[in-house]
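Taking it in order: structure first as structure tokens, then the write-up.
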Amino acid sequence: MQGLLKACEKRPVATPKLEGIVEEIEAVVPRSDRTRADHDGDREMIMHRLKKLDKVAYVRFASVYMDFKDVQEFMSELKNLLKDRARNSPVRLEENP
């Protein structure tokens, strides 16, 4: 929850939405006998949900947990976000006068 709150700082994301993400992940993921790989999977699930909720918060969260090695890796992720946005945008047709 701390990471989500930090990523969403000064973003228009309601705290109950973040609590819902945490509750959803906790309901799916067992707490006992957890390995580092399990925590990585948790982060992937969180990032997936955060990406749908707020792209800027997603980039903030991902920049910490994806451990980008350099600016190129970071830029690559940003380009992927832009491609996703372009694919999901409604097509606007210009009207002829």
Side-chain angles (χ1 to χ4, degrees):
M1 185 65 181
Q2 292 287 343
L4 286 173
L5 288 170
K6 191 68 173 169
C8 293
E9 194 171 293
K10 297 182 182 182
R11 299 295 306 153
V13 178
T15 302
K17 293 228 181 229
L18 301 178
E19 290 168 344
I21 290 173
V22 171
E23 290 170 7
E24 186 180 342
I25 302 299
E26 286 178 344
V28 172
V29 180
R31 301 311 267 163
S32 62
D33 300 326
R34 300 195 35 97
T35 66
R36 181 170 174 80
D38 293 330
H39 292 289
D40 290 343
D42 296 352
R43 288 185 195 109
E44 289 292 324
M45 288 188 285
I46 290 168
M47 286 191 296
H48 177 74
R49 285 156 180 81
L50 195 55
K51 189 175 186 179
K52 290 180 180 179
L53 188 62
D54 187 280
K55 303 282 193 258
V56 171
Y58 163 77
V59 170
R60 290 175 177 174
F61 190 89
S63 69
V64 173
Y65 291 105
M66 290 179 77
D67 193 28
F68 296 116
K69 302 296 182 229
D70 55 32
V71 174
Q72 292 296 61
E73 284 185 15
F74 189 77
M75 289 301 296
S76 177
E77 185 61 26
L78 291 175
K79 287 177 184 177
N80 287 336
L81 277 176
L82 290 172
K83 286 179 191 174
D84 287 349
R85 189 173 101 187
R87 273 195 300 261
N88 295 326
S89 296
V91 176
R92 291 189 174 101
L93 299 175
E94 293 185 30
E95 294 182 25
N96 291 330

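What you see is a predicted model; the values in this text were computed from it and never measured.
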Given the rule that I, L, V, M, F, W and Y join up when any side-chain heavy atoms are under 4.5 Å apart, are [X] and [Y] in one cluster?
X	Y	result
M1	L53	yes
L82	F61	no
M47	F74	yes

Rounded to the nearest 0.5 Å, what separation is found between the CD1 atom of I46 and the CD atom of E44? 10.0 Å

Is a side-chain donor or acceptor of N80 paired with a backbone partner of K83 at a separation under 3.5 angstrom?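 It does not hold such a pair.
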
Going by the rule ring-ring contact (aromatic ring centres under 6.0 Å, His included), which residues pair with Y58 if we only count those two or more places apart in sequence or in a different chain?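 Checked Y58 against ring-ring contact (aromatic ring centres under 6.0 Å, His included); zero matches.
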
Report all side-chain donor-acceptor pairs from residues 8-21 shorter than 3.5 Å, counting only partners two or more places apart or in another chain.
residue	atom	partner	partner atom	Å
R11	NE	D54	OD1	3.1
R11	NE	D54	OD2	3.3
R11	NH2	D54	OD2	3.2

Just jot down the salt bridge (charged side-chain N to carboxylate O under 4.0 Å, His left out) partners of R60, sequence neighbours excluded, or say none.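 None.
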
Minimum-distance pair of heavy atoms, taken over all atoms of A57 and L50: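 Nearest pair, atom of A57 first, then L50: O-CD2, 3.6 Å.
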
Would you say that more than 12 heavy atoms from the other residues, nucleotides or ligands in this model lie under 6.0 Å from the CE of M75, or not?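 Incorrect, the count does not exceed 12.
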
